[in-house]
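I have placed the structure first, in the form of C-alpha cells, so that the comments after it can refer back to it.
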Amino acid sequence: MSNKPVRTRFAPSPTGYLHVGGARTALFNYLYARAKKGTFVLRIEDTDQVRSDEKSRQQMIESMVWLGLEWDEGDEKGGEFGPYKQSERLEIYQNHAQMLVEKNKAYLCFCSNEELEAKKKQREAMGLPPVYDGKCRSLSTEEVEKKKQEKKDMVIRFKMPKEEIIVKDIVQGDVKFDSSLIGDFIIIKSDNFPSYNFAVVVDDILMKISHVIRGVGHLSNTPRQIAIYKAFECDEPEWAHVSEIVGSDHKKLSKRHGATAITSFRDMGYSPEAFLNYMSLLGWSPPDGIEFMKKEKIISQFDIERCNKSPSMFDVFDLSQADGVELSELNHFELEKYLFAKSKLNWLSNNHIREMSEERYLKDVMPFVIESKQVPESELNGKTLKDILLSLRVYLDYLSQIEKYIGDFFDKFEISNTAIEWLKKPFAKKLTETFADLIEKETNWHKDQISNLIKESGNICDLKGKDLFMTIRSASTGKTEGLELPVYLTLLGKERVLKRLKNSIEKTS
RNA sequence: GUCCCCUUCGUCUAGUGGUUAGGACUCGGGAUUUUCAUUCCCGCAACAGGGGUUCGACUCCCCUAGGGGACGCCA
C-alpha cells in the first residue's frame, strides 16, 4: 500500500517473563523488518505502575538477546525517536492528549469510579453495551474549572466518533466494527499515565511505525487506535493480526504450559536457532515447504501474507502428565520429564545441533558436561572428551541430554538388565576373559585394531554375530545400545575397558 | 450478555470451485547398521456438523456446535 520504509516494533509490557506467545510476536516483527530491509524497534510498555518491574524487563531483554532478535532501535540501545520506555515519555502523552482536548476531540472527565460502576451495572441489566454514557462530554469551561478547583480526580477521555470502522488487516482481511459499542474511552488515567490504547498510537506515530504485527487479541483494540490516528490526522500503519498460540489443552498459553518462559528452553539446551525455527512455523509456513531452516533462510522467505488466522498449538509438553503442576516453576531438570520426546521441536533441534560447527557445538555443550559432574576434571580439556562429545552429537535433541550419555564414558559403570542377560549366556565368561587378555597385551589402541581383537576373540571362542558383539558390548559398556562398538571402546580407553571387563567377569561367575 | 475471530490427518501446515486433498513431526512396517541412534523406502491417518449457491464445493453463503479473543483508570 505504502512505500514508506518498513519499521516494525515489539512492545512488551514488563510484567512477567517473555513466553512463547510474546516471543513469536517479536519474531514475526523481527523477521518482517529483516525481510524488507527495514528497522526493528523495541519499546517497553511500562505504564502499569503496579505490575511492571525491572526484573521482568531484564529477563525479556535477556530472552530476546538469546533468541538473536536484535533490535535496531529501542530500549538499552537508543535511537532518534527515544526514549523507548513509555514511563519516560509521560510528558509526550500528556501534551498529545492536550492537543486533542484543544481540538475538541477529547475531554476531561470527573466521574467517580463508583458512579461509573453503578452505571455499568445498570446498562448491563438493561442489556445495553457497557460503554461510558458521555456525561462529562459537554461540560462547560466553567464547570470544568470548578471541578478542577475541587481537586476532583480526573481523566481524559477520547470522543469516539459514531461511525463504522473498518480495520484493513493483512492477515484478517477487512473487519468491521460498530464504534457505538465502544464509547468514549480513557486516554489519560487519573495518575496522569496514558492508557494503553493511547500510548501505543502516540508512540507508533512518533516512532514512524509502518507495520503493526501483533496477536489477534489486539484486533478489537484496533478501532480505538484507528480513531486516534484519525484525530491526529495521521495515516494508519498497516495492520497484521496474527493468530494466537495455545497450549496443548487448546487454552491460551499460561503458566501452566509453563516453560513458555523462553529462558527455560535455553536452560534445557535448545539452541536459539532451533527454537526460532520452531516458533516461525507456528502460524506461518515457508513457500517451499521445507521446515528445517537457518535464520537467514527464514528471513528470506518470510512474509506476513503467508500467516494464517487459526490458532496454533504449542505442543511440546505432555500436560496430561503434569496435572496440577505449574511448569513455569520447574527448573530444566524437572521440566524435561514433561517434554514430549518426539516433538517437532526436538526433531528440528536435533537437526540444528548436527548442522552446527564443531566449535560452536563443543562450546555450547560444555556447560552441560560440567554440570553433569560425571567427567573427571583432569579430562575436561582432553581430546578424548572432545571426540566423545562429537560422537554423541547425533543422539542429542537438546544439549542437556548429554548428561544422560556422558557418564557412560567415564567412571560410571552400571550393567543394565538387558546387558545382564548377555552376560548370563554360557559362553560369556570365556569370551570376556579372552577379549580382556587380548586387550591387555594390545599396544596399538585404535578402532581398527580393536575391531580385529573382537573378531579374534570370536575366532578363539568360536562365536560371531550378535553373540560375539553383544556380549562384548554388554561386558564393556554395560548397555546393549550405543555407538559403534570399536569406536565406543576406543573412546573409553584401554584402562577403563579392562577395568569394566574384569568387573563383568565377576558378575558372570 | 454483546461484538469479533477461528475450525484440513494426533500435531504444525499446503490448499483460494474441478487435486488420487500435498508435505513435515509422531506412529506402524521394511532395508541398511553386530546393538541403539542415524539414513533410505513403504504405509496408517484429516476437510467439525447441517443446510444452501453451483454442472461441480475443503474452497462461496447461512445456521449449529466447539474453541479463542474483546468489551478496564491491564497491556
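Below, read A as the first sequence line, B as the second, and so on, with proteins coming before strands; counting in each chain starts at 1. Atom set for the values below is all heavy atoms of this structure, side chains included, hydrogens, waters and symmetry mates excluded.
- Using N1 to N3 plus N6-O4 or O6-N4 for Watson-Crick, or N1-O2 and O6-N3 for G-U wobble, each under 3.5 Å, B/rU59 pairs with nothing.
- When distances are taken from the side chain of A/I186 to each of B/rC73, B/rU38, B/rU35, the shortest belongs to B/rC73.
- Which of B/rC36, B/rU35, B/rC74 sits closest to the side chain of A/Y395 comes down to B/rC36.
- For A/R51, the listed nucleotide lying nearest its side chain is B/rA75; candidates were B/rA75, B/rA24, B/rU35.
- Among B/rC25, B/rC4, B/rA75, the nucleotide with an atom closest to any side-chain atom of A/W347 is B/rC25.
- Among the nucleotides B/rC6, B/rU39, B/rA75, the one closest to any side-chain atom of A/R354 is B/rU39.
- When distances are taken from the side chain of A/K189 to each of B/rC74, B/rU11, B/rG23, the shortest belongs to B/rC74.
- In the set B/rC12, B/rC36, B/rC73, the nucleotide with an atom closest to the side chain of A/M313 is B/rC12.
- Here the side chain of A/S310 is nearest to one of B/rC73, B/rU7, B/rC25, namely B/rU7.
- When both pairing distances are held under 3.5 Å, B/rC36 makes no Watson-Crick or G-U pair with any nucleotide shown.
- Checked against B/rA75, B/rU2, B/rC5, the side chain of A/V175 finds its nearest nucleotide in B/rC5.
- Look at B/rC3: its Watson-Crick or wobble partner, with both distances under 3.5 angstrom, is B/rG69.
- When distances are taken from the side chain of A/S285 to each of B/rC12, B/rC5, B/rU13, the shortest belongs to B/rU13.
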